[in-house]
Amino acid sequence: MAYDHRVIEARWQGYWEQHETFRAVRHPGRPKLYVLDMFPYPSGHGLHVGHPEGYTATDIFTRKKRMQGYDVLHPMGWDAFGLPAEQHAINTGTHPRETTRKNIDHFRAQLKRLGFAYDWSREVNTTDTGYVRWTQWIFLQLFKRGLAFQGEVPVNWCPALGTVLANEEVIDGRSERGGHPVVRQPLRQWQLKITAYAERLAADLAGLDWPETKQKQVDWIGRSEGAEVTFRVADQEAELRVYTTRPDTLFGATYVVIAPDHPLTLELTTEAQRAEVTRYAEVAARKSDLERTALGKEKTGVFTGAYAINPVNDRRVPIYTADYVLGSYGTGAIMAVPAHDQRDFEFAQAFGLPIVQVVDTERSSAGQELTEALSEPGVAMGSGAFDGLSTEQAKKEITRWLVERGLGEAKVNYRLRDWVFSRQRYWGEPIPIYFPMETDGDPTQGAAYTIDYSRPIALGEEELPLTLPELEDYHPGDPQGPLAKALTWRFFQREGRWYARETNTMPQWAGSCWYYLRYLDPNNQEEIFSQEAYDAWMPVDLYMGGAEHAVLHLLYARFWHKVLFDCGVVKHPEPFQKLVHQGMILGQAYRYYVALEGGEGEETERPISGLSQELARDAESGELTFQGAPVEERWVSPAEVRAQGGKYLHPTLDVELMLVTEKMAKSRGNVVNPDEVVAEHGADALRAYEMFMGPLEQVKPWQTSGLLGVRRWLDRVHQLAQRGVSDEPADLETRRRVHRTIKKVGEDIDALRLNTAVSAMMTLTNHLTSLPQPPREAFEALVLILSPFAPHLAEELWEGLGHAPSVADAAWPSFDPALCEDDVVELAVQVLGKVRGRVQLAKDASESEATQAALADPAVVRSLAGRAPRQVIYRPGKIINLIV
RNA sequence: GCCGGAGUGGCGGAAUUGGCAGACGCAGCGGAUUCAAAAUCCGCCGAGGUAACCCCUCGUGUGAGUUCGAGUCUCACCUCCGGCACCA
C-alpha cells in the first residue's frame, strides 16, 4: 500500500519553513559543524539529478549531527554571474538580472521540494550588490598588496564569444563553454599574482583531508627545481638566461632555443636570418593552441644566425627559435641537450644537430647510436671534472660551480601561471579601478580622449559597491567589453578632471572564491563578516562538490583565502578541512541498429541486434556499416524494454538490445528530470535512492527500477506503522538487530557510506515485517535513523507514534555495544583452506574446544577421510582451518 | 605519452584489520491472492556436474607469486574512466 507522498512532503516542508527548524544557531558548550555544498549556477534548465546527490549526502550528514547535539551551519546560495544569462540578454534583450532572478526562484523551489535542511535565511547571491561590494573589497585588498596588476599579454581571444578566456578555459584550442575557436592576441588584462602563493598552495595541501584532488593541484602547480644559467651571445653584447632542471647535462648542450615571443629573439637574430625569424615568430604568435597541438608532434623552428657560448666549455652553439619552447615558462629560453631530453632529441634529429651523450645510464651502451633520449638518471661522463658523479651530485656540483663564477643560480619554477582576471563582459562584478585620462571636451558626449592605463587608481572602500550600468545592448565585440559603451557610467569628473572606469569585469570564479565566508554573516552591512560569526563557524568542516572543480575553483578559493589570511581577515590558513567529490550520475538507454537498405526514395530500415558482431566501421568516413549498407544507432528507453530470460528485447521489433551507460543527453533519451521523479515517487524516495545507488564518490548509472525498489521499501516502512506498534518488549533477536543497525547506520553516515546504511535499514525493515507486530522500541529506532534519509516520511511516522514534532530535534538513538556482538557465533570450518562445515561456538572458545567441535561435524569428518589434522589454525570468531 | 582511479552474477552494488564471495536492491522464474489484471505477499535465483535431499568442481579482468587461507597483499600485463599534455 503506497503512502501519499504529495500530502506528507508538502505538509512537513511547510512545517520546517514555518518553524525555522534548521536555522543555524550557536549554543554555548555545543560542538559546531560547518558543512558546505558547492553552490550551483542557476541555469535555465533547472536542477538535474546530479545536484541532489551531493546535497542529499550532506543533508543526511548534518541532520544526523544535529540529532547528536551539534550546532550545524548548512547554507545554500547562488553562483549567479555567468555567460548563459548574458548570452540570453544578447539574444533577447532581457536584462541578465531578470533571467537570473527567475532561474534562482526556480532552483530554490526545486531544492525546497527535496526537503533539504538548509538555513534559508543565509542564502547568498553573488550578483546582489550587497555581495558584489565585498567581492570588490577583496579585489582592492589584492590590488593594495600588489597582487592585482595589468599586463599586455597574449591572451586567448575568442572572437565568437567576444571575450578572453583563461588558459584553463581553453580545451584543445576551443572555448570550454561553447567550443568556439580561440586565437592568441595581445590585450591589456588584469591578472592576479597567484604564482606568489604557489609554494604555500602546494605545501599546505599536506594537512588537508582531501582525496586525489590534492595530487591534481600539486601537478597543476607543477613545482620544479633546477638552475638558471647565463649563456653569452657570441660576437654580441647580449646574454641569454636559460632555465634547466638538468644542470648536470650542461656539457651535452649542443644548441640553445629561444621562444619566438622572447623579447631578445629579434634583437639577437642576424641580418641574414631576420626575415625568416620574423615570419616564424608572427606565425607562432597567431597560432592557437589547437593548431600547435594538431600540427603536433613535428618540431618546427628557425636558426637565428646567432651563437651562444656554453659557459662550461666555451663551445659555440647555434641559437634557434622554436615554438616548442614557451615564452611564458622559466626564462623563455632553454639549453638543448638532445641526448637526454626527448623534445630536444626530436628537434636535433629534424635539424641535423649534434647529439652528445654526457650521462651514462643503464640503458646506454658504448658506441650505440641513440634512438631516443636517455632522460633517466645515471653517472656523468664527458663532463670534465664532473665525470663519475651521480646525476643528483652532478646537479649540485655544477650548479655550485656556476654560482661561484656568477654564471648561474639555483632556481625553482612553477607551471602555474598568473590568473587572467579580466573578462570583456557585462554580467560580472565591475573592477573597482579607474584611470586618469586626457580629453579636449566631454567624453560622454563623444569628445576624443586618451586613457592612461599605466596609472590605475583604486576606488575608495566607502565608494563600494560599484554597480553595473543599465545597457540597451549587451553585444560584446569591443575588446574593452560592453561596459565601454556606457559612456556616462564609464567617464566621470572629479575635482575638474576626467577619469575613465575600468570596463573589464571579473570572471565567474570571483564570487565563488569566498562565498563560504559570506554565509557566516550574510546580512552584515558594515563588515565582510563579524569576528563572532567567523569564530562561531569557521573553518568549513566538510566541503562537498563535483570533481570538475578539483583544480580551478578550489585553487582560486584557497589563494584568496591565503591573501585574506595575510590581511588578517581570516584566522585559518586553509578554508576547507575535508573535501569529498560526489560521482556523476549517468543515464542508461538500450541500443539497436537499423541498416538502411534500398535506393533513393525507397529506403527500408532493417533492424539489427544491438549486440551484433557483424557491424563494421568504414575506414574513411568512420560511419557504421552492415554488409555494406549504412547503419544508424537507435535508442530505446529502459521503460519500454521487454526483458525475457536475461535478454533485453525491443518492445515491437524482434531484436535484442544492448545496454549502454553514458552521460545523460537529450539525443539518447536518457535524461532524468528530478521534478518528475519527486512528483511521481516523492522526494524521500529520490533522496534514499540516490544514496542507495552506490558509493557516493563513484560514477553510477541511474536506474528508475532501482528507484522503485527504494520506494517499495519506504512503503513497507509506512505499512509497519499502519499495522500498529506493539508495546510488548522486543525479543532478543530483534533487539540485537536494532542495536546493530543503529551502530552501523551511525558509523556509515559519519563515513559517508550512505549506500550501505540504506541496505542495513532495509534488512531491519525486512525483519520487522516478518514479526506479527513491530515492537515500539524497534520501530521508533528505525524511524529515527531513517529520518535523515527520508525526513518527510519520518516526521509523519514520528508524529504517528505519539511524539511532538520535529523528529529532526529528537536525539539520535544510542546502541548497547553488548547487543551488537554475538556470544555464540557460527564458525566456518575449513579443511585445507576449503569450507567443509559450520559449527556453533562461543565467541571466545578455546582452540581445543573449537577443534573438538569441528571434528564432531559429520561433513568435516567426511572431508578428512580418516586423516588426522597435522596443524590447526584457529582465529576466534573468524575461522578454523584444519591442515592434514 | 605522463599522473590518478576502477575492473565482482543479467544490472546497480556488498564483503570495515587477509578468514563462509555475491549482503541489500533491480531484473528474471515459480507460487498465493484475483473473474482477470495491476498492486501486494511468499519462495527460487553465479556457472557446471549429480540430483528427492545431500554433495562435488569451477568462479571476483589476465598471468605469476606470498600465505594454512587472497576480491583484499606483491610483481607483470590487459581493458575502461577521469585529469594533464611540448612546463625544459
Side-chain angles (χ1 to χ4, degrees), chain A residues 1-2 172 211-216 218-220 222 224 226 242-246 249 257 289 292-293 296-297 299 322-326 328-337 340-344 346-347 375 413-417 547-548 550-551 583-584 588 638 641 643-648 659 661 689 692-695 697-710 712-713 715-716 719 744 747-748 751 753 755-756 758-763 765-766 769 826-838 859 862 870-873 875 877-883:
Chain A
M1 217 22 125
D172 291 338
E212 58 308 338
T213 306
K214 274 199 214 183
Q215 193 53 46
K216 282 188 189 162
V218 168
D219 293 345
W220 191 266
S224 80
V242 303
Y243 174 68
T244 178
T245 55
R246 294 293 301 272
T249 61
V257 186
D289 289 352
R292 277 181 49 173
T293 49
K297 306 296 153 197
K299 294 274 183 291
D323 66 2
Y324 83 91
V325 171
L326 308 174
S328 50
Y329 183 78
T331 60
I334 62 152
M335 62 177 216
V337 186
H340 303 290
D341 182 284
Q342 188 57 28
R343 295 155 302 185
D344 298 342
E346 285 163 17
F347 189 85
S375 52
N413 257 312
Y414 299 93
R415 207 185 71 106
L416 182 70
R417 302 297 152 79
E548 66 272 23
V551 176
M584 210 190 340
Q588 290 196 323
V641 168
Q644 217 172 67
K647 288 182 177 179
Y648 301 104
L659 177 61
T661 300
Y689 171 61
F692 182 64
M693 289 173 86
E697 298 89 339
Q698 198 168 297
V699 175
K700 310 168 276 287
W702 176 275
Q703 296 183 326
T704 300
S705 55
L707 171 83
L708 295 177
V710 169
R712 280 198 282 270
W713 163 57
D715 282 332
R716 282 202 302 278
Q719 198 53 40
K744 171 148 184 68
E747 289 170 356
D748 280 355
R753 290 186 301 253
N755 52 329
T756 49
V758 172
S759 53
M761 289 187 283
M762 286 174 167
T763 307
T765 306
N766 291 345
T769 305
E826 192 182 70
L827 205 65
V829 182
Q830 297 183 335
V831 176
L832 283 168
K834 286 182 201 285
V835 179
R836 298 299 181 183
R838 291 177 177 81
R862 203 166 346 112
R870 185 161 51 79
Q871 191 192 347
V872 176
I873 289 149
R875 298 280 177 276
K878 289 196 171 157
I879 203 95
I880 176 161
N881 191 0
L882 308 176
I883 314 300

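Computed from heavy atoms alone, side chains included, the values below leave out hydrogens, waters and symmetry copies. Each chain gets a letter, A, B and so on, in the order its sequence line appears, and its residues count up from 1.
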Those residues that, when tested against A2(A), pass side chain to side chain contact (heavy atoms under 4.5 Å, CB included) (two or more places apart) = R711(A), D715(A)
Go through the structure and list residues passing side-chain hydrogen bond (donor to acceptor under 3.5 Å, both in side chains) with K214(A), not counting sequence neighbours.
-> none
Name all residues meeting the side-chain hydrogen bond (donor to acceptor under 3.5 Å, both in side chains) criterion together with E697(A); count only those two or more places apart in sequence or in a different chain, and write none if there are none.
-> none
If you look at every strand shown and take non-hydrogen atoms under 4.0 Å, does [X] touch a base, only sugar-phosphate, or nothing?
X       : answer
D344(A) : nothing
K214(A) : nothing
I883(A) : sugar-phosphate
N881(A) : base

Residue whose nearest RNA chain B nucleotide is more 5′ - M584(A) or G706(A) | G706(A)
Every protein N/O lying under 3.5 Å from an N/O of nucleotides 54-58 of chain B:
residue: rC56(B); atom: OP1; partner: R836(A); partner atom: NH1; Å: 3.2
residue: rU57(B); atom: OP2; partner: R836(A); partner atom: NH1; Å: 3.4

Tell me, please, whether F347(A) has K299(A) positioned over its six-membered ring: NZ or CZ under 6.0 Å from the ring centre and within 45 degrees of its axis?
-> no
I'd like a list of close polar pairs between nucleotides 39-46 of chain B and the protein, N/O only, cut-off under 3.5 Å.
none

Answer yes or no: side-chain N or O of E548(A) and base N or O of rG82(B) forming a donor-acceptor pair under 3.5 Å.
-> no
RNA chain B in dot-bracket, Watson-Crick or G-U pairs under 3.5 Å, [ ] crossing, | other strand?
-> (((((((..(((......[....))).(((((.......))))).((((.....))))..(((((..]....))))))))))))....
